[in-house]
Each structure stands twice: as structure tokens, then as C-alpha cells.
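Let me begin by presenting the structure, written as C-alpha cells, before commenting on it.
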Amino acid sequence: MKLIIKFGGSLMAKGREIMHFLRNYAEKKALSFIIIPGGGPFVEVIKKLSERMAISEDAAHWMAVLAMHQYGFFLADGETAPLIESLEELSNAGHMCILLPYKILKADDCLPHTWDVTSDTIAAFVANKLGEKTFIKLTDVDGILDEEGLLIERIHAKEMIEKGDKGCVDAELPGFLMRNKMCCVIVNGNFTERIIEVIEGKETVCTKLSCNLF
Ligand SMILES: Nc1ncnc2c1ncn2[C@@H]1O[C@H](COP(=O)(O)OP(=O)(O)OP(=O)(O)O)[C@@H](O)[C@H]1O
Ligand SMILES: [Mg+2]
């Protein structure tokens, strides 16, 4: 079984520890995890730069994509997983690899170059290219929280678009999921047992963001 996991930059502090856990689990269960790195602190630098100086949306887009590479190299340090740059390399990637998306995005440059598209939509884009209808987003909160801070367990992508609600996902993701009939499960990566429960299809603390009726 192949699984696309977007690994949030927000998890940097425990990032490599979680990566080790995932690699061991993938090996034990003979699974294939494809890790899509977030942008984390590397993308914040670019955001600040683009606020202060005139950087074109194109330049900012590619710089932000390369910020994902920086986080990917960080996560790979300690030999947790190989870094790959094309979908063809997946066949030799073992039980877990980290996908650096620059070349794939350059070859198929169909995502808008705006700050609405970040690593969440890029993870969905890669999942879609691989024919996967779902992906897991690991982040540092329990899922999407409502105005009172309570966890929303299930939400339709359409509802997020209508409410203009972004939560902890990028603004483009709900629309991308709708157009491609996909879903995303948002889990707090600091609780590895929850990641396993999601993978094993068990009930756990998370948000299911979907375009299907439940
Ligand atoms: N309604 C909401 N529900 C949940 N989290 C929210 C909400 N609104 C804002 N957030 C914030 O979103 C953050 C998670 O998103 P963020 O983009 O920072 O992390 P990430 O996607 O894991 O990292 P990266 O974008 O670097 O990969 C949370 O830490 C939280 O502070
Ligand atoms: Mg984010």
C-alpha cells in the first residue's frame, strides 16, 4: 500500500523523530510512504521578503517550492529516507522516501503561482498524479478547529470554500480536492498513535476534509 504523507513544517522540532518512527512502521508493515515536505521556517523567510520587497509571484512560488526542498533535506538528515525528484524513482525508493517537488512542478506547471497554493495543495497534486484519492497531512494541531477551538471531525471541502474558512490548510486545497474528488485527513503528528490509527482506518482524533458526502 502506497501512502502520501504531507509532513508539516510545524513539526520541525520533533520532525526527524517522527520520520524514524514512520520509517520503522513502514518497514514492519511493508508499506510505502511518500513524504511531501512542508515549507516550515524556510518559507517564512520568503513570505517576509515578498512583503518587504517586490518579488514577482512567479519568483516567490519557485522560491517557496525550493523551501520545501530545504525542509526535505532536513528531514532526510540521519538517513531516514532517500530524497527523490521524479515519480519514476518511486519504484526504487524503498518503504519511505522524501519527494522534492520542483522538477515535477516545472514539468507540469498547472498550479497557480500564488500564496494560496502551498505544500498542502502540492501534496494533493502529487497524490492525484499518482492516482491516489487521499493523503494525510501531519501538522502540529489536532485538525481543523472551529471558532471556539473545538475539533471539527469531518468537514466538506465545499463548506470550507463557502465559509472562506482556511483553518490549518492552504486556501487552494479545498477547491483542489473538490475538482479532483479527493480527500485529506489532517492529524497531529506529535501523537504517532493517531497517525497509525488513521493509516489502519480506525477512529481517532483528526479532521477528515472531504468532497464526498459522509
Ligand atoms: N481553524 C484552525 N484550525 C486549526 N489550526 C489553525 C486554524 N487556524 C489557524 N491554524 C493554525 O494553523 C497551524 C498549522 O498550519 P501551518 O501551515 O502552520 O502548519 P503546517 O501546514 O503543518 O506547516 P507547513 O505549512 O510549514 O508545512 C496551527 O499551528 C494553527 O496555529
Ligand atoms: Mg501550512
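Each ligand, and each atom within it, is numbered from 1 in the order the structure gives.
Between the side chains of Lys103 and Ser86, no donor-acceptor pair of N or O atoms lies under 3.5 Å.
For Lys181, the NZ atom sits in a loose shell: 12 or fewer heavy atoms of surrounding residues, nucleotides or ligands are nearer than 6.0 Å.
Identified under the side chain to side chain donor-acceptor pair (under 3.5 Å) test for residues 190-204, with sequence neighbours left out: Tyr25-Glu200, Asp142-Arg194, Asn188-Asn190, Glu197-Thr204, Glu200-Lys202. Counting only residues at least two apart or in different chains, side chain to side chain donor-acceptor pair (under 3.5 Å) contacts with residues 170-179 comprise Thr118-Asp170, Thr121-Asp170, Glu172-Arg179. For residues 28-47, no pair satisfies side chain to side chain donor-acceptor pair (under 3.5 Å), with sequence neighbours left out.
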Ligand 1: which protein N/O atoms lie under 3.5 Å from its N/O atoms?
residue	atom	partner	partner atom	Å
ligand 1	1 (N)	Leu145	O	3.0
ligand 1	3 (N)	Leu145	N	2.8
ligand 1	19 (O)	Ser10	OG	3.4
ligand 1	21 (O)	Lys6	NZ	3.1
ligand 1	21 (O)	Lys137	NZ	2.6
ligand 1	22 (O)	Ser10	OG	2.6
ligand 1	22 (O)	Thr139	OG1	2.7
ligand 1	23 (O)	Gly9	N	3.2
ligand 1	23 (O)	Ser10	N	3.4
ligand 1	26 (O)	Gly9	N	3.4
ligand 1	26 (O)	Gly40	N	2.8
ligand 1	27 (O)	Lys6	NZ	2.6
ligand 1	27 (O)	Gly9	N	2.9
ligand 1	29 (O)	Asp140	OD1	2.8
ligand 1	29 (O)	Asp140	OD2	3.4

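In this structure the side chain of Glu132 never reaches within 4.5 angstrom of the side chain of Ile34, judged on heavy atoms.
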